[in-house]
Amino acid sequence: MRHALVMGATGSIGAAICEELAQKGFSLYLHYGENKEKAKNLQKSLEIRYPKQDFFVVSLKMDKLLENDLEIFVKNLFSLDTIVFAQGRSWYGLLKEMPEEKMDELWNVHVKTPVLLIQKLQDKLVQNPFSRIIFVGSIYGKSGSAMEVFYSTLKGALESFVKSYAKEVATLGLTVNLIAPGAIKTGLLKDFTQDELENLTLEIPLLRLGKPEEIAYFVGVCASEKASYLTGSIQYVTGGWLN
């Protein structure tokens, strides 16, 4: 049986990824940072529908790691062949007004903590014949976005990390890929007005926002055993927007 760790399992895209992987027979570690109740509810729902698989709730505050947090977290992971990084956080405003502590938080959530986790879990992953690391990035990592300059910078950094690290571990059978969504119906759009959402939709060639399950589908593709020849790739799932 395959085992995956889904970081950010309580988010809209993270929960959809858990559904996708559970349907494919994965047992899952469901990570949350703050919303324990939502993680527990997701666990119960999956256990009812997939009784032959295991679902564990695990917690780690990725923005502000305390001493030994990572060591304790890693010790609670047993069988593991796949990691999906679906956690996310943004900050909207002019770069010159962005507080330094917010920069640190976003850096930790999107880049530093995931890389530290990969360092500690690489040996465990490559013990399996099919090992996968999958990031959920953003089209802004390619196109950039005013008012989300630092967020875009970090998503671009992840694209560079995926391309570089994939080469380093290719001979170990570990594939590394990134799914870069466009505008998806998630909480990241909660501050948009109705007019702004309508104008955004008109910019998308498919004339609609994406759905979390549409991103989850491509995560499932990258996680599959048949995707062994796909690594170092950035898959833009945007409805044609900003391509």
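Values below: every heavy atom of this structure, side chains too, minus hydrogens, waters and symmetry copies. All values derive from a computational prediction rather than experimental measurement.
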For [X] versus [Y], what's the shortest heavy-atom pair and its separation?
X	Y	value
Gln43	Phe55	NE2-O, 2.7 Å
Ile204	Ala183	CD1-CB, 4.0 Å
Gly182	Ile139	CA-CG2, 3.8 Å
Pro181	Val136	CG-CG1, 3.8 Å
Gly14	Ala86	CA-CB, 4.0 Å
Gly88	His110	CA-CE1, 3.7 Å

Does [Y] offer a backbone N or O that forms a donor-acceptor pair with the side chain of [X] under 3.5 Å?
X	Y	value
Gln53	Ala22	yes
Tyr140	Val149	no
Ser233	Leu230	no
Ser131	Asp81	no
Arg2	Leu80	no
Ser45	Asn41	no
Ser228	Glu225	yes
Asp69	Leu65	no
Lys38	Thr10	yes

Applying ring pair (Phe, Tyr, Trp, His ring centres under 6.0 Å), can you list everything that pairs with His31, at least two apart in sequence or on another chain?
none
Enumerate, atom names and distances included, each donor-acceptor pair closer than 3.5 Å involving a side-chain atom of residues 210-217, sequence neighbours excluded.
from: Glu214; atom 1: OE1; to: Arg208; atom 2: NH1; distance (Å): 3.1
from: Glu214; atom 1: OE1; to: Lys211; atom 2: N; distance (Å): 2.8
from: Glu214; atom 1: OE2; to: Arg208; atom 2: NH2; distance (Å): 2.7

Just list the side-chain donor-acceptor pairs under 3.5 Å for residues 166-176, sequence neighbours left out, or say none.
none

Take Ile13 and Val219 through the side chain to side chain contact (heavy atoms under 4.5 Å, CB included) test and state the conclusion after the steps.
CA-CA 10 Å; Ile13 292 177; Val219 171; over 6 Å; no
Restricting to side chain to side chain donor-acceptor pair (under 3.5 Å), what partner residues turn up for Tyr50, sequence neighbours left out?
none
Quick one: side chain to side chain donor-acceptor pair (under 3.5 Å) partners of Ser90, sequence neighbours excluded?
Glu148
Once rounded to the nearest 0.5 Å, what's the spacing between atom [atom1] of [X] and atom [atom2] of [Y]?
X	Y	atom1	atom2	result
Tyr29	Asp54	OH	CG	8.5 Å
Leu70	Phe73	CG	CZ	8.5 Å
Thr238	Asn243	OG1	CG	3.5 Å
Leu42	Glu19	CG	CD	6.5 Å
Leu189	Leu200	CG	CG	7.0 Å
His3	Leu77	NE2	CG	11.0 Å

Donor-acceptor side-chain pairing of Gln87 and Tyr32 below 3.5 angstrom:
no
Do Thr231 and Asn177 meet the criterion of a side-chain donor-acceptor pair at a distance under 3.5 Å?
no
Could you tell me whether [X] and [Y] have a side-chain N and a carboxylate O separated by less than 4.0 Å?
X	Y	result
Glu159	Lys155	no
Lys102	Glu105	yes
Asp63	Arg89	yes

Sub-4.5 Å side-chain heavy-atom contact between [X] and [Y]:
X	Y	value
Ile134	Ile179	yes
Val74	Leu121	yes
Met62	Lys112	no
Phe85	Leu158	no
Ile83	Phe135	no
Asn76	Phe56	no
Leu46	Leu28	yes
Glu71	Lys120	yes

Return yes when atom CD of Glu37 has more than 12 non-hydrogen atoms of other residues, nucleotides or ligands closer than 6.0 Å, and no otherwise.
no
Does Glu67, at its CD atom, have more than 12 non-hydrogen atoms belonging to other residues, nucleotides or ligands within less than 6.0 Å?
no
If hydrophobic clusters are built from ILVMFWY residues whose side chains come within less than 4.5 Å, do [X] and [Y] share one?
X	Y	value
Leu116	Phe161	yes
Leu242	Tyr236	yes
Phe130	Leu21	no
Ile234	Ile17	no
Leu178	Trp107	yes

Can you list, by chain and residue number, the hydrophobic cluster partners of Met147 when the side-chain cut-off is 4.5 Å?
Tyr92, Leu94
Determine whether Tyr151 and Ser145 satisfy the following criterion, side chain to side chain contact (heavy atoms under 4.5 Å, CB included), listing intermediate values before the conclusion.
CA-CA 8 Å; Tyr151 174 85; Ser145 174; over 6 Å; no
Decide side chain to side chain contact (heavy atoms under 4.5 Å, CB included) for Thr82 and Phe26; before the verdict, give the C-alpha distance in whole Å, the side-chain angles of both, and the deciding distance to 0.1 Å.
CA-CA 10 Å; Thr82 299; Phe26 279 77; 3.8 Å; yes
Test side chain to side chain contact (heavy atoms under 4.5 Å, CB included) on Phe218 and Gln235 and set out the steps.
CA-CA 8 Å; Phe218 287 97; Gln235 305 293 325; 5.6 Å; no
